[in-house]
K.L.:
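Just passing along the structure, written as structure tokens.
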Amino acid sequence: MELINVIVAAAAGFAFGAGWYMTLAKPWTEAAGIEVDENGRPVNESAGPYIMAAIAMLFVAGMMRHVFSLAGIDTIDKGLISGLGIGLFFISPWIMINNAYGGRPFKLTLIDGGYATFGCALIGAVLTVF
């Protein structure tokens, strides 16, 4: 059962990311400095980032499940708030640091940090559903 909820939580986080970045595609590509074609699609698009994102979601969900188990986080509201905190206070600051050293616009931090925050909140909630 533990493996199944990790996979479902990872899939939920991945699907949320798809919606998040489809909604924010234009400002994200501008902020990230990604070259796009006349249709607004990245010029050098490949499946690599999607595969890495799916694997990363499994790592995040698996580790969150482990931490939640050790901390006794077993209700949806606790999972949601704990996930929100992980995304907002653990992951987003590192995104901000990486973007600041890379000279990238703060808008990129807001977009990527927003995904980390709300994606982890969703993963945290799903992990505690079953």
Side-chain angles (χ1 to χ4, degrees):
M1 201 60 164
E2 301 296 324
L3 180 61
I4 292 172
N5 71 1
V6 167
I7 291 170
V8 171
F14 186 87
F16 176 74
W20 181 268
Y21 284 105
M22 283 173 35
T23 303
L24 299 170
K26 186 171 172 124
W28 182 79
T29 54
E30 289 172 359
I34 295 175
E35 187 178 350
V36 295
D37 63 18
E38 63 279 352
N39 297 319
R41 301 199 51 92
V43 172
N44 296 322
E45 191 172 28
S46 76
Y50 300 102
I51 294 168
M52 288 190 288
I55 293 169
M57 289 298 99
L58 284 170
F59 288 160
V60 170
M63 187 49 121
M64 285 177 64
R65 177 70 190 123
H66 176 69
V67 171
F68 283 13
S69 178
L70 292 175
I73 297 169
D74 55 3
T75 62
I76 293 176
D77 59 333
K78 288 180 183 176
L80 180 76
I81 297 299
S82 298
L84 191 79
I86 288 170
L88 185 60
F89 298 111
F90 289 178
I91 300 172
S92 293
W94 267 336
I95 291 171
M96 182 182 67
I97 291 167
N98 288 337
N99 287 337
Y101 278 113
R104 293 180 166 171
F106 190 69
K107 180 169 65 173
L108 185 60
T109 296
L110 293 175
I111 294 170
D112 291 341
Y115 170 55
T117 300
F118 297 116
C120 283
L122 178 63
I123 289 171
V126 171
L127 283 173
T128 55
V129 168
F130 54 99

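Values below: all heavy atoms of this structure, side chains included; hydrogens, waters and symmetry mates excluded.
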K.L.:
Is the shortest heavy-atom distance from the side chain of V126 to the side chain of N5 under 4.5 Å?
P.N.:
no

K.L.:
Would you compute the distance between atom CD1 of I123 and atom CZ of R65 and round it to the nearest 0.5 angstrom?
P.N.:
13.5 Å

K.L.:
Ignoring hydrogens and geometry, is there a side-chain-to-backbone donor-acceptor pair from T29 to K26 under 3.5 Å?
P.N.:
yes

K.L.:
For the atom pair CD1 (I111) and CD1 (I95), what is the distance rounded to the nearest 0.5 Å?
P.N.:
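Taking CD1 in I111 and CD1 in I95, the distance rounds to 11.5 Å.
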
K.L.:
Just jot down the ring pair (Phe, Tyr, Trp, His ring centres under 6.0 Å) partners of Y50, sequence neighbours excluded, or say none.
P.N.:
none

K.L.:
Looking only at non-hydrogen atoms, find the nearest pair between C120 and V60 and report the distance.
P.N.:
SG-CG1, 4.2 Å

K.L.:
If you take all heavy atoms of A31 and K107, which pair is closest and at what distance?
P.N.:
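Looking at all heavy atoms of both residues, the shortest contact is CB-CE, 3.9 Å.
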
K.L.:
Heavy-atom count around N39 CG within 6.0 Å, excluding the residue itself: above 12?
P.N.:
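Atom CG in N39 is crowded, with more than 12 foreign heavy atoms closer than 6.0 Å.
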
K.L.:
In the single-linkage hydrophobic clustering (I, L, V, M, F, W, Y; side-chain heavy atoms under 4.5 Å), do V36 and Y21 co-cluster?
P.N.:
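Shared cluster, no.
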
K.L.:
Say you draw a straight line from CE of M63 to CZ of F68; how long is it, rounded to the nearest 0.5 Å?
P.N.:
12.0 Å

K.L.:
Quick one: closest heavy-atom pair of A125 and T128, and the distance?
P.N.:
O-OG1, 2.9 Å

K.L.:
Closest approach of A116 and I91, non-hydrogen atoms and distance?
P.N.:
CB-CG2, 3.6 Å

K.L.:
Begin with the C-alpha distance, continue with both residues' side-chain angles, and end with the deciding distance and a verdict on side-chain contact (heavy atoms from CB on, under 4.5 Å) for L24 and Y115.
P.N.:
CA-CA 10 Å; L24 299 170; Y115 170 55; over 6 Å; no

K.L.:
Linking I/L/V/M/F/W/Y whenever any side-chain heavy atoms sit under 4.5 Å apart, do L70 and L3 land together?
P.N.:
no

K.L.:
Would you mind listing every salt bridge (charged side-chain N to carboxylate O under 4.0 Å, His left out) that reaches into residues 36-58, with sequence neighbours excluded?
P.N.:
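Those involving residues 36-58 are R41-E45.
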
K.L.:
How many angstroms lie between CE in M96 and CG in L108, if you round to the nearest 0.5 Å?
P.N.:
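It is 13.0 Å, given to the nearest 0.5 Å.
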
K.L.:
Between F90 and W94, which heavy-atom pair has the shortest distance, and what is it?
P.N.:
O-CE3, 4.0 Å

K.L.:
How long is the span from the CG atom in N98 to the OG1 atom in T109, to the nearest 0.5 Å?
P.N.:
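Going from the CG atom of N98 to the OG1 atom of T109 covers 9.0 Å.
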
K.L.:
Which distance, rounded to the nearest 0.5 Å, do you find between the CG of L122 and the CG of L84?
P.N.:
11.5 Å

K.L.:
If you group Ile, Leu, Val, Met, Phe, Trp and Tyr by side-chain heavy-atom gaps below 4.5 Å, do M64 and I76 land in one group?
P.N.:
yes

K.L.:
Mind checking whether V6 and I55 sit in one hydrophobic cluster, side chains of I, L, V, M, F, W, Y counted as touching below 4.5 Å?
P.N.:
no

K.L.:
If hydrophobic clusters are built by linking Ile, Leu, Val, Met, Phe, Trp and Tyr wherever their side-chain heavy atoms come under 4.5 Å apart, do M52 and M22 end up in the same one?
P.N.:
no

K.L.:
Tell me every residue that passes side chain to side chain donor-acceptor pair (under 3.5 Å) with S82, counting only those two or more places apart in sequence or in another chain.
P.N.:
none

